[in-house]
Amino acid sequence: LTGLQELNLIDCSAVQGNLSSLGQLTGLRMLELWGCSKIEGDVNALSGLTKLTNLDLCGCEKLEGNMDALRQLTKLEKLYLGNCSQVEGDIIALGGLTKLTHLDLRRCSQVQGNLSALSQLTALKELRLNGCTQVEGETRRISGVLPQGNIL
C-alpha cells in the first residue's frame with residue numbers, strides 16, 4: 001500500500017489503532033482521520049510522510065507527541081489538529097511550512113509559543129487558535145500574513 005495517495009476515514013469513530021502503522025504509507029498526499037477518536041500514538045510516526053499536502057487529525061484526542069515532528073512535512077497546505085489536546089510543542093516548528101493555507105490548532109492546550117513564529121506563512125488564509133491558552137503574542141505580527149484570511 002505504499003503507493004496509496006489518499007486515506008479518508010472521516011468520522012469513523014469505531015476505527016482504532018496506532019498511527020505507527022500509517023507511517024509506512026509514504027505515498028500519501030492526503031490523510032484525513034477527523035473524528036477517529038480511538039486512533040492513538042505519537043504524531044512523530046507521520047514525520048516520514050513528506051508528500052502530504054492535507055493532514056486532518058481533528059478530534060483524534062488520544063494522539064500525543066511533539067509538533068516538532070511535523071516540521072519535515074513541507075508540502076502541507078492544510079493542517080488540522082483541532083482537539084488534539086495531548087499534542088505539545090512550540091508553534092515555531094510550523095514556521096517553515098510556508099505552503100500552509102489552513103492551520104487549525106483549536107483547543108490544543110499543550111501547544112505554546114509566540115504568534116510571530118507564524119509570520120513566514122504568507123499563503124495562510126485561515127488560522128484557528130481558539131483554546132490555545134499557551135500561545136501568545138500580538139495579532140498584528142501575523143495580520144499582514146492574512147490580508148484576506150481569517151484569524152479565529
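- One distance of note links NZ of K62 with CD of Q86; it measures 9.5 Å at 0.5 Å rounding.
- Here the CG atom belonging to L33 is positioned 7.5 Å from the CG atom belonging to L55, to the nearest 0.5 angstrom.
- Shown here is L9, whose CG atom has more than 12 heavy atoms of other residues, nucleotides or ligands within 6.0 Å.
- One finds the CZ atom of R29 at 9.5 Å from the OG1 atom of T50 (value rounded to the nearest 0.5 Å).
- Listed for the Q110 side chain is no donor-acceptor partner under 3.5 Å among the backbone atoms of G89.
- Separating the CG atom in N130 from the CG atom in L127 is a distance of 9.5 Å, to the nearest 0.5 Å.
- At a threshold of 4.5 Å between non-hydrogen side-chain atoms, the residues V135 and L115 count as touching.
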Where do I39 and V15 land on the side-chain contact (heavy atoms from CB on, under 4.5 Å) test, with the steps shown first? CA-CA 7 Å; I39 297 282; V15 170; 3.8 Å; yes
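- The salt bridge (Lys or Arg N to Asp or Glu O under 4.0 Å) contacts involving residues 68-84 comprise D68-R71, where partners must be two or more places apart or lie in separate chains.
- For the side-chain contact (heavy atoms from CB on, under 4.5 Å) criterion with V87, the lone passing option out of E64, E61, M67 is M67.
- What you find for S20 and A45 is that their closest heavy atoms are CA-CB, 3.6 Å.
- To the nearest 0.5 Å, the span separating OG1 on T74 from CG on L100 amounts to 10.5 Å.
- The two atoms that bring S109 and S85 nearest to each other are OG-O, 4.0 Å, heavy atoms only.
- Of all the heavy atoms in C84 and L57, the pair that sits closest is SG-O, 3.2 Å.
- Under the 4.5 Å side-chain heavy-atom criterion for grouping Ile, Leu, Val, Met, Phe, Trp and Tyr, L25 is not connected to I10 through any hydrophobic cluster.
- Under the 4.5 Å side-chain contact rule for hydrophobic residues, L7 and L63 share a cluster.
- The line from CD1 of I91 to CG of L118 is 4.0 Å long, rounded to the nearest 0.5 Å.
- Residues meeting the side chain to side chain contact (heavy atoms under 4.5 Å, CB included) test with Q72, sequence neighbours left out: S47.
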Tell me, with the steps shown, if N66 and V43 meet side-chain contact (heavy atoms from CB on, under 4.5 Å). CA-CA 7 Å; N66 196 293; V43 293; 6.0 Å; no
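- No option in L129, T133, N83, L81 other than N83 meets the side-chain contact (heavy atoms from CB on, under 4.5 Å) test with R107.
- The shortest heavy-atom contact between S37 and S13 is OG-O, 4.5 Å.
- Taking all atoms of both residues into account, the shortest heavy-atom contact from C36 to C12 is SG-O, 3.8 Å.
- Between the side chains of N8 and E32, a donor-acceptor pair is found at a separation under 3.5 Å.
- Of all heavy-atom pairs between L121 and L97, the closest is CD2-O, 3.1 Å.
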